[in-house]
Visitor: 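Quick one: the structure is below, and I'll ask about it shortly.
Just so we're clear, the structure is a prediction, and the values are computed from it rather than from any experiment. Hydrogens, waters and symmetry mates are skipped; everything else that's a heavy atom, side chains included, is used. Whatever order the structure lists ligands and atoms in, that order sets their numbers, starting from 1.
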Amino acid sequence: MDTTDMGEKLKDVLVTAEQLDQRLAEMAEEIDRDYAGKEILLVGVLRGAVMVMADLSRKIHTPLEMDWMAVSSYGSGTKSSGVVRILKDLDQDVSGRHVLIVEDIIDSGLTLSWLRTNLLSRGAASVRIATALRKPAAAKVEVEVAYVGFEIPNEFVVGYGLDYAEKYRNLPFVGTLAPHVYEN
Ligand SMILES: O=P(O)(O)OC[C@H]1O[C@H](OP(=O)(O)OP(=O)(O)O)[C@H](O)[C@@H]1O
Ligand SMILES: Nc1nc2[nH]cnc2c(=O)[nH]1
Ligand SMILES: [Mg+2]
């Protein structure tokens, strides 16, 4: 799919599929170096992280297992409510595990700050974060993020797992929506 499939709904392409692929390969190399001799429990945050999880995990050579959590702090709007709800919990016990949380985006940081504390309180040996995208301008909470794909401006983005009202998650690139799509 390319931008023309989105017609006038898309404003700009911020990160291309090729850039994502290349940067995730670099992140995987760093992860392999940092976790040498350990086993990783990758925790994907549904639903946005599905694409990053699938692509990043295939580039990591360190032994790993995958689990998933679903949390929600946004509903169907474009602003974080600040209230994080667990919609689906992990299937695995994280105690003593080296957890690497995989995210598509860190915006306010509220979701990850909450999740990190939550997993540490369950006895994880370590909890680190890998995210494809980060919006630094929007940081309301200080969260330490070990692996960041791309720093992006403070605009609402879609694609590569990120939705607007559940659409556009399947775009292979990250783009911004035209304002008329969500300002009504
Ligand atoms: O840093 P924050 O401001 O907390 O925002 C980041 C979170 O928001 C989005 O998920 P969302 O809750 O929209 O659910 P989804 O992954 O199912 O789309 C995104 O996938 C991150 O998980
Ligand atoms: N789709 C989407 N979800 C988000 N959640 C937090 N920030 C964003 C964003 O820019 N786009
Ligand atoms: Mg999400």
Visitor: Checking the N or O distance criterion of under 3.5 Å, is ligand 1 in contact with Gly48?
Guide: yes

Visitor: Output, in order, the C-alpha distance, side-chain angles, deciding distance and verdict of salt bridge (charged side-chain N to carboxylate O under 4.0 Å, His left out) for Glu29 and Lys59.
Guide: CA-CA 8 Å; Glu29 263 180 43; Lys59 297 179 192 299; over 6 Å; no

Visitor: Regarding ligand 2, does Val157 bring an N or O atom to under 3.5 Å of one of the ligand's N or O atoms?
Guide: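 Min N/O separation from ligand 2 is below 3.5 Å for Val157.
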
Visitor: Can we say Arg122 and Asp93 salt-bridge, meaning some charged N sits less than 4.0 Å from an Asp/Glu carboxylate O?
Guide: no

Visitor: Identify the two heavy atoms, one from Asp163 and one from Ala165, that lie closest to each other, and give their separation to 0.1 Å.
Guide: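 Of all heavy-atom pairs spanning Asp163 and Ala165, the closest is OD2-N, 3.5 Å.
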
Visitor: Side chain or backbone of Asp163 under 4.0 Å from ligand 1, or both, or neither, by non-hydrogen atoms?
Guide: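 The answer is the side chain of Asp163.
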
Visitor: Looking only at heavy atoms, what is the nearest atom pair of Val52 and Ala132, with distance?
Guide: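 Between these two residues, the closest heavy atoms are CG2-CB, 3.9 Å.
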
Visitor: Just jot down the ligand 2 atoms closer than 4.0 angstrom to any heavy atom of Asp107, in number order.
Guide: 6 (C), 7 (N), 8 (C)

Visitor: Give the atom numbers and elements of ligand 1 that come within less than 4.0 Å of a heavy atom of Glu103.
Guide: 20 (O), 21 (C), 22 (O)

Visitor: Quick one: CG on Leu24 to CD1 on Ile31, what's the gap to the nearest 0.5 Å?
Guide: 9.0 Å

Visitor: With a cut-off of 4.0 Å, which atoms of ligand 2 are near a heavy atom of Asp163?
Guide: 1 (N), 2 (C)

Visitor: Taking 4.0 angstrom as the limit and counting only heavy atoms of Glu155, give me the atoms of ligand 2 inside it, by number and element.
Guide: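 By the 4.0 Å cutoff, the relevant atoms are 10 (O).
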
Visitor: Give a yes/no on ligand 1: does Ile106 have at least one heavy atom closer than 4.0 angstrom to it?
Guide: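 Per 4.0 Å heavy-atom rule, Ile106 contacts ligand 1.
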
Visitor: Would Lys135 count as a polar contact of ligand 2, with the cut-off being nitrogen or oxygen pairs under 3.5 Å?
Guide: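 The answer is yes, given that Lys135 and ligand 2 share an N or O pair closer than 3.5 Å.
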
Visitor: Might you confirm whether atom CD of Glu65 has over 12 heavy atoms from other residues, nucleotides or ligands at distances under 6.0 Å?
Guide: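 Yes, CD of Glu65 has more than 12 neighbouring heavy atoms, counting only those of other groups under 6.0 Å.
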
Visitor: At less than 4.0 angstrom from any non-hydrogen atom of Arg47, what atoms of ligand 1 do you find?
Guide: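 So the atoms of ligand 1 that pass are 15 (P), 16 (O), 17 (O).
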
Visitor: Just which atoms of ligand 1 are under 4.0 Å from any heavy atom in Leu46?
Guide: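 Selected atoms, number and element: 16 (O), 17 (O).
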
Visitor: Let me know which of Glu26, Arg23, Arg128 forms a side chain to side chain donor-acceptor pair (under 3.5 Å) with Tyr147.
Guide: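 Among Glu26, Arg23, Arg128, the one meeting side chain to side chain donor-acceptor pair (under 3.5 Å) with Tyr147 is Arg128.
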
Visitor: Does atom NZ (Lys167) have a neighbourhood of more than 12 heavy atoms from anything else shown, all under 6.0 Å?
Guide: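 Not more than 12 within 6.0 Å, no.
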
Visitor: With a 4.0 Å cut-off on heavy atoms, is Phe156 in contact with ligand 2?
Guide: yes

Visitor: Check the surroundings of atom CD in Glu144: do more than 12 heavy atoms from other residues, nucleotides or ligands lie under 6.0 Å from it?
Guide: no

Visitor: So for ligand 1, is Gly109 a polar contact partner (N or O within less than 3.5 Å, distance only)?
Guide: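 Checking ligand 1 against Gly109, an N or O pair does fall under 3.5 Å apart.
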
Visitor: Could you work out, for atom 2 (P) of ligand 1, the closest of Ala70, Ser108, Ala49 by heavy-atom distance?
Guide: Ser108

Visitor: For a side chain to side chain contact (heavy atoms under 4.5 Å, CB included) with Val71, tell me which candidate from Leu87, Asn118, Thr111, Asp89 qualifies.
Guide: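 Filter result, single survivor: Thr111.
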
Visitor: What do we get for Arg169 next to ligand 1 when only non-hydrogen atoms under 4.0 Å count, side chain, backbone, both or neither?
Guide: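 Within the 4.0 Å criterion, Arg169 contacts ligand 1 through side-chain atoms alone.
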
Visitor: Using a heavy-atom cut-off of under 4.0 Å, does the side chain or the backbone of Asp104 touch ligand 1, or both, or neither?
Guide: side chain

